[in-house]
Amino acid sequence: MATSEAPFNINVGVLGHVDSGKTSLAKALSTVASTAAFDKHPQSKERGITLDLGFSSFQVATPDSLKGSIEGDTVQITLVDCPGHASLIKTIIGGAQIIDMMMLVIDITKGIQTQTAECLVIGEITCDTLILVLNKVDMFPADVREEKVKKAKAKLAKVFSQTRFKNPPMVVVSANPGSDGTSEPIGIPELIETLRLHVALKPRLSDGPFQFAVDHCFTIKGQGTIMTGTVLKGAVHVGDDVEFPSHKVTRKIKSMQMFRKPVQQATQGDRLGLCVTQFQSSMMERGVVCTPGSMSPMTVAVAKVQKIRFFKQACQSKQKFHISVGHTTVMATATFFQGDPADQPAQVLEPQAFDASKHYLYQDELLLEESHEQWCVLEFQTEVVCANNSLFIASRLDADQGAGSMCRLAFHGSISTFTSEPLPASNFLKSLQVYKPKQRVGTVERLHDDSTVIGKDLFKKETNIEAFVGMAVRLSTGQTGRIESAFGQSGKFKVALSEPLPEPIRTTLTKRSKKKRKGPDAADVEADEGEVISLVLDFKRFVFDKARHMAQ
């Protein structure tokens, strides 16, 4: 919320393909730069591209849509300048997860490129409002500029009509005409007004534990360690104790600033710099700071997931993916599953919370459909710190993009539950009742008594039949029963029937029993008479249970 110290803050992501002019646009818009802005990194200057997140800001008059809901006559727009190079997608994902809305910058002379498409996917996942910025319009000759812009807009409108943004506003600009710094930018006032009119923000929650996403960490001699980042949740004040959960240490906040201005408090959505003492900046480049005891490292998580439609490869169970949550990216093995069809009829589509007491059906791969909810178990290679309900994006960053515009973003979701149990987290995994359906088919050998038959061919001689006692079976004649016990040592078994067999079937089985005789090797030899009656056993094998327990 806005205070007398600082105006209400709105975070706007600036995303797009490499060399589309994002940083030049941020420069043209901004009046205040943070310590990490406008490619200050030495390698950025050397290579001429953005390598890290940059932050800068400017202020605009409070839009009518926000008057009455926030205090103050102005709002602060914080620009989150994300790199565009393919190899920096992890940084882009981290930046996108702290934004309220997004500007997608497109080189109007080239249209949609590979990273443009990936940034669009990230935008669809992380925010509800997008503004298209068509940059470098000065590259079109003046005499054909109007016609070229009209064609570019029409083409983009067709593409975006197939996205969740449908008909986003488009603004034509040139952030750095001629690239010589002598010409005034084109279209910047129009872009600022468009931003102001389409300002959108996510709900601000000042209550609950404080969570802070750190994107830069450095030391100022004589002051302490400075961590810059975005408040994800809750509120914080100078003098509060905060925890570094990855390092399990707690420190007191010495001072705070918002874009070089001292403040005493900050709430969700604010861009902030925290100063603490007795903490080495080399211990953390990026990470999370929080209210002590409010966050724990996770080793295995369960998440509700959805496949990204532009990812053309299969997302298979037991496959490894790069999982980006906040500013952290770690490898994890994914196992996909869905609700038990017996519990969730196809026509019921209401969102369901994960329930560890229920059975879930294993999937060989994640499906591109929304007819039912799909879930995933993520087994992280190294522990990661984040909160329940945290958004994440799974990628295959090792995929070769040389073939063209292949999207590497595979699926996304939100964390539903997790454990801090040390790897391999066997106890937690065992508690997850994800199963594969199994079926065995045998035959009825003979009638034992009026309510019991002897079955065979369902088990091997060495099978422990006790593990199957009590399980239901069905006969090909329509009757049902339960496995009662083993019968002898050859893998045969007794089935107690739920109701007596019809007289014709009993007669056939009785005749079959009477015609049995002992062969010379003392083995049973069955007369070949009458229809073969099948016994079908359907059961569930739980994929995370090393003891291979079963259920029905």
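The residues of the chain are indexed from 1 along the displayed sequence.
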Flag, side chain of [X] to backbone of [Y], donor-acceptor distance under 3.5 Å:
| X | Y | result |
| --- | --- | --- |
| Glu118 | Arg408 | yes |
| Thr299 | Thr419 | yes |
| His327 | Gly287 | no |
| Lys22 | His17 | yes |
| Ser390 | Cys386 | no |
| Gln306 | His412 | no |
| Thr291 | Phe210 | yes |
| Ser69 | Leu66 | yes |
| Asp138 | Ser174 | no |
| Asn9 | Gly269 | yes |

Spacing of [X] atom [atom1] and [Y] atom [atom2] [to the nearest 0.5 Å]:
| X | Y | atom1 | atom2 | value |
| --- | --- | --- | --- | --- |
| His372 | Leu367 | NE2 | CG | 5.5 Å |
| Asp81 | Leu29 | CG | CG | 10.5 Å |
| Leu191 | Ile186 | CG | CD1 | 13.0 Å |
| Cys315 | Asp364 | SG | CG | 13.0 Å |
| Cys275 | Met227 | SG | CE | 8.0 Å |
| Thr335 | Glu379 | OG1 | CD | 5.5 Å |

- request: Evaluate salt bridge (charged side-chain N to carboxylate O under 4.0 Å, His left out) for Arg204 paired with Asp100, printing each intermediate quantity in order.
  value: CA-CA 11 Å; Arg204 300 293 200 243; Asp100 297 303; 2.9 Å; yes
message: Can you tell me which residue among Phe311, Phe336, Phe310 is in a ring-ring contact (aromatic ring centres under 6.0 Å, His included) with Phe411?
response: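 The ring-ring contact (aromatic ring centres under 6.0 Å, His included) with Phe411 is passed solely by Phe336 among Phe311, Phe336, Phe310.
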Grab the two heavy atoms, one from [X] and one from [Y], that are nearest each other, plus how far apart they are.
| X | Y | value |
| --- | --- | --- |
| Pro245 | Pro297 | O-CG, 4.2 Å |
| Val199 | Ile77 | CG2-CD1, 4.4 Å |
| Val302 | Phe337 | CG1-CZ, 4.0 Å |
| Phe321 | Ala394 | CB-CB, 4.2 Å |
| Phe544 | Leu429 | CB-O, 3.1 Å |
| Phe392 | Ala303 | CE2-CB, 3.4 Å |

Val137 and its side-chain contact (heavy atoms from CB on, under 4.5 Å) partner, picked from Asp107, Val172, Thr109: Val172
Compare all side-chain heavy atoms of [X] with those of [Y] and state whether any distance is below 4.5 angstrom.
| X | Y | result |
| --- | --- | --- |
| Leu361 | Val434 | no |
| Ser56 | Val32 | no |
| Arg196 | Ile192 | no |
| Val214 | Met284 | yes |
| Val171 | Pro169 | no |
| Val288 | Ser246 | no |
| Gln211 | Met295 | yes |
| Val12 | Met103 | yes |

State whether a side-chain donor-acceptor pair under 3.5 Å links [X] with [Y].
| X | Y | value |
| --- | --- | --- |
| Gln363 | Gln374 | yes |
| Asn389 | Ser414 | no |
| Lys318 | Thr333 | no |
| Thr228 | Asp215 | yes |
| Asp73 | Thr62 | no |
| Thr225 | Ser281 | no |
| Gln316 | Gln319 | no |
| Gln59 | Thr74 | yes |
| Thr267 | Ser206 | no |

- prompt: Should the pair Lys436 and Tyr362 be classed as cation-pi, given the thresholds of under 6.0 Å to the six-membered ring centre and 45° from the axis?
  reply: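 Positive - Lys436 is close enough to the ring of Tyr362 and near enough to its axis.
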query: Centre of Phe55's six-membered ring, under 6.0 Å away, within 45 degrees of the axis: is that where NZ or CZ of Arg271 sits?
result: yes
- prompt: Please walk me through it: do Val300 and Phe418 pass side chain to side chain contact (heavy atoms under 4.5 Å, CB included)?
  reply: CA-CA 6 Å; Val300 179; Phe418 67 90; over 6 Å; no
query: Can you name the residues that form a salt bridge (charged side-chain N to carboxylate O under 4.0 Å, His left out) with Glu147, not counting sequence neighbours?
result: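 Expected list: Lys151.
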task: Using salt bridge (charged side-chain N to carboxylate O under 4.0 Å, His left out) as the criterion, list what pairs up with Glu190, not counting sequence neighbours.
output: none
Identify every side-chain donor-acceptor pair in residues 124-133 under 3.5 Å, counting partners at least two apart or on other chains, and give the distances.
| unit_1 | atom_1 | unit_2 | atom_2 | d |
| --- | --- | --- | --- | --- |
| Glu124 | OE1 | Arg309 | NH1 | 3.2 |
| Glu124 | OE1 | Arg309 | NH2 | 3.4 |
| Glu124 | OE2 | Arg164 | N | 3.1 |
| Glu124 | OE2 | Arg309 | NH2 | 3.3 |
| Thr126 | OG1 | Ile122 | O | 2.8 |
| Asp128 | OD1 | Arg164 | NH2 | 2.4 |

task: Please step through side chain to side chain contact (heavy atoms under 4.5 Å, CB included) for the pair Phe259 and Gln76, ending with a clear verdict.
output: CA-CA 10 Å; Phe259 287 100; Gln76 176 174 274; 3.6 Å; yes
- prompt: Centres of the Trp375 and Phe354 rings: under 6.0 Å?
  reply: yes
Audit row: Met298, Phe380, side chain to side chain contact (heavy atoms under 4.5 Å, CB included) steps and yes/no: CA-CA 8 Å; Met298 66 175 65; Phe380 297 104; 3.8 Å; yes
- request: May I have the step-by-step check of salt bridge (charged side-chain N to carboxylate O under 4.0 Å, His left out) for Arg145 and Asp143, ending in yes or no?
  value: CA-CA 6 Å; Arg145 185 174 298 171; Asp143 58 335; over 6 Å; no
message: Using a 6.0 Å cut-off, check whether atom NZ of Lys148 has over 12 heavy atoms from anything other than its own residue.
response: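 No, because the 6.0 Å sphere around NZ of Lys148 holds 12 heavy atoms or fewer from other groups.
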